[in-house]
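Note on naming: letters A, B, ... go to the chains in the order of the sequence lines (proteins, then strands), and numbering restarts at 1 for each one.
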Number of protein chains: 2
Amino acid sequence: MLKSLQIDSSSYSKLDIAQLKSSCGTCGLRELCLPVGLNEDEVKKLGDIVSQKRKVSRGSYLHYAGAEFQSLFAVRSGFLKTCILEQDGRQQVTGFHMSGELLGLDAISTETYTCDAIALEDSEICEIPFAKLEEISLAIPSLMRHFHKIMSREIVRDYGVMLLLGSMKAEERLASFLLNLSRRFYIRGYSEHNFNLRMTREEIGSYLGLKLETVSRAFSKLQDESIIVVDNKHIEIKDITRLRMKLGKSYDDAFFDM
Amino acid sequence: MLKSLQIDSSSYSKLDIAQLKSSCGTCGLRELCLPVGLNEDEVKKLGDIVSQKRKVSRGSYLHYAGAEFQSLFAVRSGFLKTCILEQDGRQQVTGFHMSGELLGLDAISTETYTCDAIALEDSEICEIPFAKLEEISLAIPSLMRHFHKIMSREIVRDYGVMLLLGSMKAEERLASFLLNLSRRFYIRGYSEHNFNLRMTREEIGSYLGLKLETVSRAFSKLQDESIIVVDNKHIEIKDITRLRMKLGKSYDDAFFDM
DNA sequence: CGAGGCCTTGATGCACCTCAACCGACGTGG
DNA sequence: CCACGTCGGTTGAGGTGCATCAAGGCCTCG
């Protein structure tokens with residue numbers, strides 16, 4: 001039932017939505033999402049507060065920057081980007097988000113979303129009212145602990161991006177990006193060597209602090225070296241070892257510093 | 001009593017340390033640190049778990065990357081940096097931390113510190129055993145909520161750094177950095193126009209994704225424009241408005257894109 | 001079939017890196 | 001005491017990686 005919904009999502013009925021209401025227990029993402037480590041009873045309590053599932057079609061907004069914070073959002077299926085807009089129009093993509101990941105953590109501090117969240121393909125989103133989440137996590141210590149880990153994981157991820165933006169060259173950034181995507185697909189049961197990018201070169205560039213032309217050239221370069229095969233949005237990683245080696249490459253340079 | 005300790009910290013006795021033990025109630029940083037929004041009784045409970053205060057002298061480590069996570073650390077006085085080291089020797093400063101700020105949030109997810117934390121001047125640190133913090137926050141909802149806000153604030157801060165690293169020019173980065181420091185000093189009751197940098201040009205550069213020479217040149221440029229006066233580590237902001245204007249400057253460029 | 005979005009590739013310019021020289025502050029040891 | 005080395009900072013000269021500008025190709029969709 002749920003499975004078919006993910007394939008043909010245009011056939012929603014009221015019944016479907018009611019059935020979806022408390023679905024954490026049956027959700028295939030239990031081991032990735034908030035319910036990690038909870039027992040059946042606790043998962044049920046969590047499922048009860050996940051008030052509804054939202055469908056966000058490609059190109060539309062899950063939430064806007066500046067909007068009042070009410071809920072966290074868990075990606076059930078699909079693919080989203082978050083981005084911040086500077087006053088002068090510059091945009092920076094702060095992350096790409098796939099199933100099992102949580103959005104809105106940035107909004108807790110200011111009670112306002114700091115990012116726009118935009119679907120890059122049709123997505124299904126579980127809405128988690130944050131006040132209720134805090135309330136029940138007082139009664140479910142393992143939920144609270146896991147939530148803290150999720151927030152902390154986001155901080156660690158951000159440090160990784162800072163490292164990338166602060167000290168890597170274009171080719172290294174792209175290699176790091178592809179390896180990250182590859183791993184996340186793999187964890188979700190997809191191929192780590194073959195996948196489709198959901199975002200444009202420009203969005204990749206924004207995330208990596210590069211211009212779209214530079215991203216394109218870096219793709220071409222990796223392809224010339226037979227490390228990957230690029231066919232528009234489709235990526236095939238031919239030699240993941242050499243792709244990984246791209247990261248430690250400036251080891252040689254550092255060597256001379258000693 | 002506490003005040004004198006902060007001035008002459010070499011004269012610790014056992015009694016002093018005992019007195020320090022539960023000091024959140026008397027700490028001048030209550031309005032910045034974890035106790036925000038707690039009543040007297042709750043502050044006392046929090047103070048009870050802050051097992052001890054550590055002194056970290058300039059140049060030494062508060063914690064190492066890779067070490068087992070036990071505690072968060074609150075900066076009571078002093079100044080620290082956190083940095084990650086890549087396998088190839090590249091280092092990236094991920095943050096500078098002053099009084100009232102919390103360190104170690106990154107370690108919650110992996111139960112291992114991901115950064116080195118190094119004192120840039122003699123510092124006093126409150127150690128907060130994290131397991132105990134989670135335990136008592138189950139009983140003090142407002143503490144839990146505030147803790148969530150602190151973690152979220154760190155995520156927002158990281159987004160800001162990502163924006164800076166991903167899309168700003170050298171001069172804009174430095175302006176942003178100085179304005180950020182200025183504001184943090186101001187909040188703590190110090191001058192927003194006159195302050196001493198605790199870090200080297202190289203550390204600033206690492207944080208901002210620039211080389212130290214570039215940082216130095218950017219300082220000189222801002223000085224040439226009479227926006228700041230630089231005397232080694234001392235900074236005087238002469239014209240904070242024009243410093244702020246440095247940030248929105250590429251508005252003009254963006255304008256042509258429309 | 002034409003328009004527009006996305007991508008690729010080439011030519012050129014510039015912001016920042018790299019390398020190098022020099023300065024002042026500081027600490028150490030003869 | 002001064003000679004000396006070290007460390008942090010500044011400044012200049014030259015090189016380069018990426019941005020910018022521009023042209024053209026492919027694909028989709030009306």
Find the distance A:Lys221:NZ to D:dT16:C1' and express it as a whole number of Å. 14 Å
Show every donor-acceptor pair shorter than 3.5 Å between a side-chain atom in residues 209-217 of chain B and any protein atom, with sequence neighbours excluded, or say none if there are none.
none

Nearest to the side chain of A:Ala170 - D:dC18, C:dC16, C:dT8? D:dC18
Verify the contact: side-chain N or O of B:Ser220 to OP1 or OP2 of D:dT11, cut-off strictly under 4.0 Å; return yes or no. yes
Atom CZ of B:Phe219 to atom C1' of D:dT11: distance rounded to whole Å? 16 Å
Contact class for A:Gly205 vs. all strands (heavy atom < 4.0 Å): base, sugar-phosphate, or nothing? nothing
Parallel, tilted or perpendicular: rings of B:Phe69 and B:Tyr113 (30°, 60°): perpendicular
Could you check how far CG of B:Leu212 sits from P of C:dA21, rounded to whole Å? 17 Å
Take the protein atom CD of A:Glu213 and the nucleotide atom P of D:dT20, then report the distance between them rounded to whole Å. 8 Å
D:dG9 P sits how many Å from B:Glu202 CD, rounded? 9 Å
Nearest-angstrom distance from the residue atom CZ of A:Arg198 to P of C:dC6: 17 Å
Any side-chain N or O of B:Arg201 under 4.0 Å from OP1/OP2 of D:dG9? yes
Mind calculating the distance between CG (A:Asn232) and C1' (D:dG25) to the nearest angstrom? 12 Å
Output yes when a side-chain donor or acceptor of B:Ser152 lies under 3.5 Å from a complementary backbone atom of A:Asp106, and no otherwise. yes
With under 30° as parallel and over 60° as perpendicular, where do the rings of B:Phe185 and B:Tyr190 fit, or are they tilted in between? perpendicular
Can you measure B:Glu172 atom CD to C:dA15 atom P for me and round it to whole angstrom units? 12 Å
Taking only N and O in the side chain of B:Lys211, is any of them less than 4.0 Å away from OP1 or OP2 of C:dT18? yes
Side-chain atoms of B:Lys233 come closest, of D:dG8, D:dC18, D:dT11, to D:dG8
B:Thr214 vs A:Thr214, nearer the 5' end of DNA chain D by closest nucleotide: B:Thr214
D:dG17 base to A:Arg217 side chain: any donor-acceptor pair below 3.5 Å? no
Side-chain contact check for A:Lys169: nearest option of D:dC18, D:dG12, C:dC7 is D:dC18
Between B:Glu101 and B:Arg157, is the closest basic N to carboxylate O distance under 4.0 Å? no
If you look at every strand shown and take non-hydrogen atoms under 4.0 Å, does A:Leu210 touch a base, only sugar-phosphate, or nothing? sugar-phosphate
